[in-house]
**Student:** 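The structure under discussion is supplied below as structure tokens; questions concerning it will follow.
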Amino acid sequence: MFAFACRNAAFRISHLGAFRLEQILRTRLSAHLAEVPLGFVVSSGSGTLKKVLLDDVRNLHAFVADSTPFIGRSVVAPVASLIMLMLVDWRLAATSIALLCFGALLMYFVMRDSASLRKEYAQSQERINAAVIEFVQAMPVVRTFDDGSGSFRRFQEALAGYRLALKKWIAATGISARLGMLILSPVPTLIAVVGVGMVLLGHGSLDFPSLIAALLLSTGMADALMPLMWLNNFIKKSQASALRIQEILNVPVLSKTSAPQQPKDASVRFDRVWFRYENRQ
């Protein structure tokens, strides 16, 4: 009952904080985009901005709402299980730790090599968003002058790029990720502890009740460590979203005059007005 009450309070606080963060970020982004040059908005495209305002902010919302209680539960349980396992038998504890460290090492190499693939995957999502928004906004023109082949072609190309990026990511990390998840599952730990425990039983340096207790504790520790691997991916995804949000907020705003004046009449005069395309004189 106490654990349920603590978990409920933790999720309530974290979700309220996540909704507050979502409100702050979207308000700041909207206000900032209203002050940046219009050329930045046009060149970035509505698909990219939509992904930042909706998807990336939602990723941070999910991280704040779920990660804090998740970290607490996923860290306390393995540490407590490890301490109890050390008290039962340090040799069986060392066996469990060695196997889990090997699985964690495999998962580390998988996650380390996914930064560029994750970026390519996010860019392919942006292209899909841009193609969809472009097609919807241009629907009157398409229905009047076009058969839709050009707009559909761009959408199909965006989908093909997304599919290629996803296949590349899976091909690069799929085998090692599955191997790491297999090792981090309770079954290999159970087999290793049983094997070492039977040897120790044969030498008379371990009793049967201690072996049963070690089996329960080691499998529980392995089962509790698995969410930490997913949490690592969750953190990297949130970091990428935070960086994209910060890139938008770092765009310089239009300069404002330090001495604003009221217009004398309704006339319009252009004085020292200039224009250039980006990266062109």
**Student:** Just wondering, do Arg20 and Leu16 contact through their side chains at under 4.5 Å, heavy atoms?
**Tutor:**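 They are not in contact (no side-chain heavy atoms under 4.5 Å apart), so the answer is no.
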**Student:** Do Met198 and Val194 come within less than 4.5 Å of each other through their side chains, counting heavy atoms only?
**Tutor:**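 Contact flag for Met198/Val194 side chains = yes.
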**Student:** Rounded to the nearest 0.5 Å, how far does CZ of Arg244 lie from CG of Asp55?
**Tutor:**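 With rounding to 0.5 Å, CG (Asp55) is 9.0 Å from CZ (Arg244).
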**Student:** Could you report the tightest heavy-atom contact between Arg91 and Leu200, atom names first, then the distance?
**Tutor:** NH1-CD2, 3.5 Å
**Student:** Hey, mind stepping through His32 and Val251 against side-chain contact (heavy atoms from CB on, under 4.5 Å) and telling me if it holds?
**Tutor:** CA-CA 9 Å; His32 187 74; Val251 175; 4.0 Å; yes
**Student:** Look at the side-chain heavy atoms of Ile, Leu, Val, Met, Phe, Trp and Tyr, link any pair under 4.5 Å apart, and say whether Val273 and Val268 land in one connected group.
**Tutor:** yes
**Student:** Quick one: pull up CD1 in Ile13 and NE2 in His15 and give me the separation to the nearest 0.5 Å.
**Tutor:** 12.5 Å
**Student:** Would you check if Leu21 and His61 make a side-chain contact, meaning some heavy-atom pair closer than 4.5 Å?
**Tutor:** no
**Student:** Side chains of Val36 and Leu254, heavy atoms from C-beta outward: is any pair under 4.5 Å?
**Tutor:** no
**Student:** Is any side-chain heavy atom of Leu33 less than 4.5 Å from a side-chain heavy atom of Leu53?
**Tutor:**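 A side-chain contact under 4.5 Å exists here.
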**Student:** Quick one, Val253 and Phe40 - any side-chain contact, counting heavy atoms below 4.5 Å?
**Tutor:** no
**Student:** If I compare all heavy atoms of Pro252 with all of Pro37, which pair ends up nearest, and what's the gap?
**Tutor:**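 The answer is O-CD, 3.4 Å.
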**Student:** Taking all heavy atoms of Val64 and all of Gly17, pick out the closest pair and write down the distance.
**Tutor:**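 Nearest heavy atoms, Val64 then Gly17: CG1-C, 4.2 Å.
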**Student:** How long is the span from the CG atom in Asp56 to the CZ atom in Arg26, to the nearest 0.5 Å?
**Tutor:**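 It is 10.0 Å, given to the nearest 0.5 Å.
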**Student:** Starting at CG of Leu29, measure out to CG of Leu54 and round the result to the nearest 0.5 Å.
**Tutor:** 10.5 Å
**Student:** To the nearest 0.5 Å, how far apart are CG in Leu87 and OG in Ser210?
**Tutor:** 11.0 Å
**Student:** How long is the span from the OG1 atom in Thr27 to the CD1 atom in Ile24, to the nearest 0.5 Å?
**Tutor:** 8.0 Å
**Student:** Going hydrophobic residue to hydrophobic residue with side-chain gaps under 4.5 angstrom, can you get from Leu243 over to Ile245?
**Tutor:**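 No, Leu243 and Ile245 fall in different hydrophobic clusters.
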**Student:** Which heavy atom of Arg28 sits nearest to which heavy atom of Leu249, and what is that distance?
**Tutor:**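 Scanning both residues completely, I find the closest heavy atoms to be NH2-CD1, 4.0 Å.
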